[in-house]
Engineer: 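For reference, the structure I am asking about is given below.
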Amino acid sequence: MTQLFFSEYEEAESGIPLVIFGAGGLGREVLLLIRQLNAATTPAAWNVRGFYDDHAPTTATVAGLPYLGTSADLNATPEPLAVAVAVGSPASRATVVARLTSSQLSFPVLVHPQVALAPQQRIAVGEGSIIQQGCFLTCDITLGRFVLLNLGCTIGHDAVLGDFSSLMPHANVSGATQLGAGTYLGTNTTVIQGVQIGENTIMAPAP
């Protein structure tokens with residue numbers, strides 16, 4: 001069997017300089033998202049420089065890009081950098097964001113190019129949020145800061161997702177639901193219509 005593995009991906013020289021904080025599996029998935037965004041625009045939107053993480057990976061490169069250092073190193077950057085925070089745990093993601101204090105850093109919203117976010121949907125998305133491929137959002141929805149919607153999530157009308165909420169693949173949030181800050185919904189979790197969930201709640205489907 002022939003295996004094609006392009007580990008040394010040559011990033012575009014054009015685009016806004018961006019780094020990924022989080023050198024694990026989610027970081028590699030976010031890198032894939034950014035490459036999909038770049039493939040959908042001309043010229044490329046982002047120039048990915050590499051990865052930062054407070055726990056150094058076992059190799060000098062991650063998915064063909066260099067490991068660049070810790071949060072302290074990132075705060076010391078002399079140039080403006082966009083940062084994608086690729087940390088799945090809500091509490092850990094909030095801790096990382098609290099450490100990244102340099103005025104040189106910004107936190108863009110990253111949305112897969114096939115996800116519909118049209119003006120007529122009236123969807124508000126907070127800074128640093130990441131929306132992956134296959135997500136469906138209807139209308140009149142509010143996503144707080146640094147919300148993560150992993151692959152294939154659905155969000156119904158009038159839903160409000162608090163800051164640092166994390167939805168794992170195929171989580172479903174029905175209409176008029178409110179998720180408190182730091183809510184974690186595991187893979188395939190469904191929240192029914194109109195439910196209010198308190199801060200820092202962890203939910204998963206019954207085994």
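Heavy atoms only: backbone and side chains are in, while hydrogens, waters and symmetry mates are out.
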Engineer: Quick one: does Ile130's side chain get under 4.5 Å of Val109's, heavy atoms only?
Structural biologist: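 When only atoms from C-beta onward are counted, Val109 and Ile130 do not touch, as no gap falls below 4.5 Å.
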
Engineer: Taking all non-hydrogen atoms of both residues into account, name the closest pair between Gly194 and Thr177 and its distance.
Structural biologist: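 That would be N-OG1, 3.7 Å.
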
Engineer: Counting only N and O atoms by type, is there a donor-acceptor contact under 3.5 Å from the side chain of Ser129 to the main-chain atoms of Arg145?
Structural biologist: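 Absent.
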
Engineer: Should Leu110 and Val62 be regarded as members of a common hydrophobic cluster, given that ILVMFWY residues are connected when their side-chain heavy atoms come within less than 4.5 Å of each other, either directly or indirectly?
Structural biologist: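 Looking at the clustering, Val62 is in the same group as Leu110.
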
Engineer: Look at the side chain of Gln104 and the backbone N and O of Pro78, then say whether any donor-acceptor pair between them is shorter than 3.5 Å.
Structural biologist: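 Looks like yes, one N/O pair under 3.5 Å.
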
Engineer: Check whether any side-chain N or O of Ser71 sits under 3.5 Å from a backbone N or O of Asp53 as a donor-acceptor pair, and report yes or no.
Structural biologist: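 Absent.
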
Engineer: Do Gln121 and Asp140 have side chains that get closer than 4.5 Å, going by heavy atoms?
Structural biologist: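 A side-chain contact is absent here, since even the closest heavy-atom pair is not under 4.5 Å.
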
Engineer: Quick one: pull up CD in Glu127 and CG in Asp163 and give me the separation to the nearest 0.5 Å.
Structural biologist: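 These two atoms lie 9.0 Å from each other.
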
Engineer: With the side chain counted from C-beta on, respond yes when Thr189 and Val173 share a heavy-atom pair under 4.5 Å apart, and no when they do not.
Structural biologist: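 They are not in contact (no side-chain heavy atoms under 4.5 Å apart), so the answer is no.
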
Engineer: What is the minimum heavy-atom distance between Gln193 and Ala176, and which atoms define it?
Structural biologist: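 Here Gln193 and Ala176 meet closest at NE2-CB, 4.1 Å.
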
Engineer: Quick check: does any side chain N or O of Ser92 sit under 3.5 Å from a backbone N or O of Ser89, one acting as donor and the other as acceptor?
Structural biologist: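 The answer is no, because no donor-acceptor pair under 3.5 Å joins these two groups.
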
Engineer: Which heavy atom of Gly64 sits nearest to which heavy atom of Thr61, and what is that distance?
Structural biologist: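 Looking at all heavy atoms of both residues, the shortest contact is C-CB, 4.3 Å.
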
Engineer: Tell me whether Asp158 contacts the main-chain N or O of Gly156 through its side chain, where contact means a donor paired with an acceptor under 3.5 Å.
Structural biologist: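 No.
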
Engineer: Would you sort out whether Phe21 and Asp54 count as a side chain to side chain contact (heavy atoms under 4.5 Å, CB included), showing the intermediate values?
Structural biologist: CA-CA 9 Å; Phe21 193 99; Asp54 286 330; 3.8 Å; yes

Engineer: Give the cluster check for Val147 versus Ile123: same hydrophobic cluster or not, with ILVMFWY residues linked at side-chain heavy-atom distances below 4.5 Å.
Structural biologist: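 Yes.
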
Engineer: Is the shortest heavy-atom distance from the side chain of Trp46 to the side chain of Pro108 under 4.5 Å?
Structural biologist: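 They are in contact (side-chain heavy atoms under 4.5 Å apart), so the answer is yes.
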
Engineer: Tell me, do Ile34 and Leu32 make a side-chain contact under 4.5 Å, heavy atoms counted?
Structural biologist: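 No, side chains not in contact.
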
Engineer: Ignoring hydrogens, what is the shortest heavy-atom contact between Gln132 and Glu29? Give both atom names and the distance.
Structural biologist: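 Nearest pair, atom of Gln132 first, then Glu29: NE2-O, 3.5 Å.
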
Engineer: Mind checking the CG-CG spacing from Leu161 to Leu167? Nearest 0.5 Å is all I need.
Structural biologist: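 CG of Leu167 is found 5.5 Å from CG of Leu161.
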
Engineer: Val83 versus Leu18: any side-chain heavy-atom pair under 4.5 Å?
Structural biologist: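 Sidechains of Leu18 and Val83: no contact.
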
Engineer: Do Ser166 and Arg93 meet the criterion of a side-chain donor-acceptor pair at a distance under 3.5 Å?
Structural biologist: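 Looking only at side-chain atoms, Arg93 and Ser166 do form a donor-acceptor pair, the distance falling under 3.5 Å.
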
Engineer: Is there a chain of hydrophobic side chains (I, L, V, M, F, W, Y, each step under 4.5 Å between heavy atoms) that links Tyr184 to Val160?
Structural biologist: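 Different clusters.
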
Engineer: Report yes if the side chains of Leu185 and Thr201 come closer than 4.5 Å at any heavy-atom pair, otherwise no.
Structural biologist: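 Leu185 vs Thr201: side chains apart.
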
Engineer: Taking the side chain as every heavy atom from C-beta outward, state whether Ile197 and Met203 have any pair of such atoms under 4.5 Å apart.
Structural biologist: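 Touching, per the 4.5 Å side-chain cut-off.
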
Engineer: Mind checking whether Phe146 and Phe164 have ring centres under 6.0 Å apart?
Structural biologist: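 Yes, the ring centres sit under 6.0 Å apart.
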
Engineer: Minimum heavy-atom separation for Ile20 to Ala86, with atom names?
Structural biologist: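 In this case the closest contact between Ile20 and Ala86 is CG2-CB, 3.9 Å.
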
Engineer: CG/Leu81 to CZ/Phe107 distance, rounded to the nearest 0.5 angstrom?
Structural biologist: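 So the CG of Leu81 and the CZ of Phe107 are separated by 10.5 Å.
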
Engineer: Which pairs count as salt bridge (charged side-chain N to carboxylate O under 4.0 Å, His left out) when at least one residue sits in residues 55-76, sequence neighbours excluded?
Structural biologist: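 As it turns out, there is no salt bridge (charged side-chain N to carboxylate O under 4.0 Å, His left out) pair with a partner in residues 55-76 once direct neighbours are skipped.
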
Engineer: Is atom CD1 of Ile202 surrounded by more than 12 heavy atoms (other residues, nucleotides or ligands) closer than 6.0 Å?
Structural biologist: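 Open: at most 12 neighbouring heavy atoms sit under 6.0 Å from CD1 of Ile202.
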
Engineer: Show your working on side chain to side chain contact (heavy atoms under 4.5 Å, CB included) between Thr138 and Ile155 and close with a plain yes or no.
Structural biologist: CA-CA 7 Å; Thr138 61; Ile155 312 296; over 6 Å; no

Engineer: Just how far is it from atom SG of Cys153 to atom CE of Met168, taken to the nearest 0.5 Å?
Structural biologist: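 Rounded to the nearest 0.5 Å, the SG-CE separation comes out at 7.5 Å.
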
Engineer: I'd like to know if the side chain of Arg99 reaches the main chain of Val97, judged simply by a donor and an acceptor atom lying under 3.5 Å from each other, with no hydrogens or angles considered.
Structural biologist: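 No, because the side chain of Arg99 does not come within donor-acceptor range (under 3.5 Å) of the backbone of Val97.
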
Engineer: Count I, L, V, M, F, W, Y as connected when their side-chain heavy atoms are under 4.5 Å apart, and connections chain through other members. Are Tyr52 and Val48 then in the same cluster?
Structural biologist: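 Different clusters.
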
Engineer: Say you draw a straight line from CD of Glu199 to OG of Ser165; how long is it, rounded to the nearest 0.5 Å?
Structural biologist: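 Glu199 CD to Ser165 OG: 9.5 Å, rounded to 0.5 Å.
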
Engineer: Is there a donor-acceptor contact under 3.5 Å from the side chain of Asn38 to the main chain of Ala45?
Structural biologist: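 Yes, Asn38 side chain to Ala45 backbone: donor-acceptor pair under 3.5 Å.
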
Engineer: For the backbone of Ser102 and the side chain of Asn75, can you confirm whether one donor and one acceptor N or O come within less than 3.5 Å of each other?
Structural biologist: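 Yes; judged by distance alone, with no hydrogens or angles, the pair exists.
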
Engineer: Between Asn47 and Gly15, which heavy-atom pair has the shortest distance, and what is it?
Structural biologist: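 Shortest heavy-atom contact: CB-O, 3.8 Å.
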
Engineer: Does Thr77 use its side chain to pair, donor to acceptor, with the backbone of Leu74 at less than 3.5 Å?
Structural biologist: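 Not confirmed, Thr77 side chain does not pair with Leu74 backbone.
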
Engineer: Is there a side chain to side chain contact (heavy atoms under 4.5 Å, CB included) between Ile141 and Arg122? Walk through the geometry before answering.
Structural biologist: CA-CA 7 Å; Ile141 293 165; Arg122 299 175 299 279; over 6 Å; no

Engineer: Measuring from atom CG of Asn150 to atom CG of Leu148, what distance do you get when rounded to the nearest 0.5 angstrom?
Structural biologist: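 With rounding to 0.5 Å, CG (Asn150) is 5.0 Å from CG (Leu148).
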
Engineer: Applying side chain to side chain contact (heavy atoms under 4.5 Å, CB included), run through Leu149 and Leu137 and close with a yes or a no.
Structural biologist: CA-CA 10 Å; Leu149 302 185; Leu137 297 85; 4.2 Å; yes

Engineer: If Ile, Leu, Val, Met, Phe, Trp and Tyr residues are connected whenever their side-chain heavy atoms lie under 4.5 Å apart, and connections chain through other members, are Leu151 and Leu33 in the same group?
Structural biologist: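 Different clusters.
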
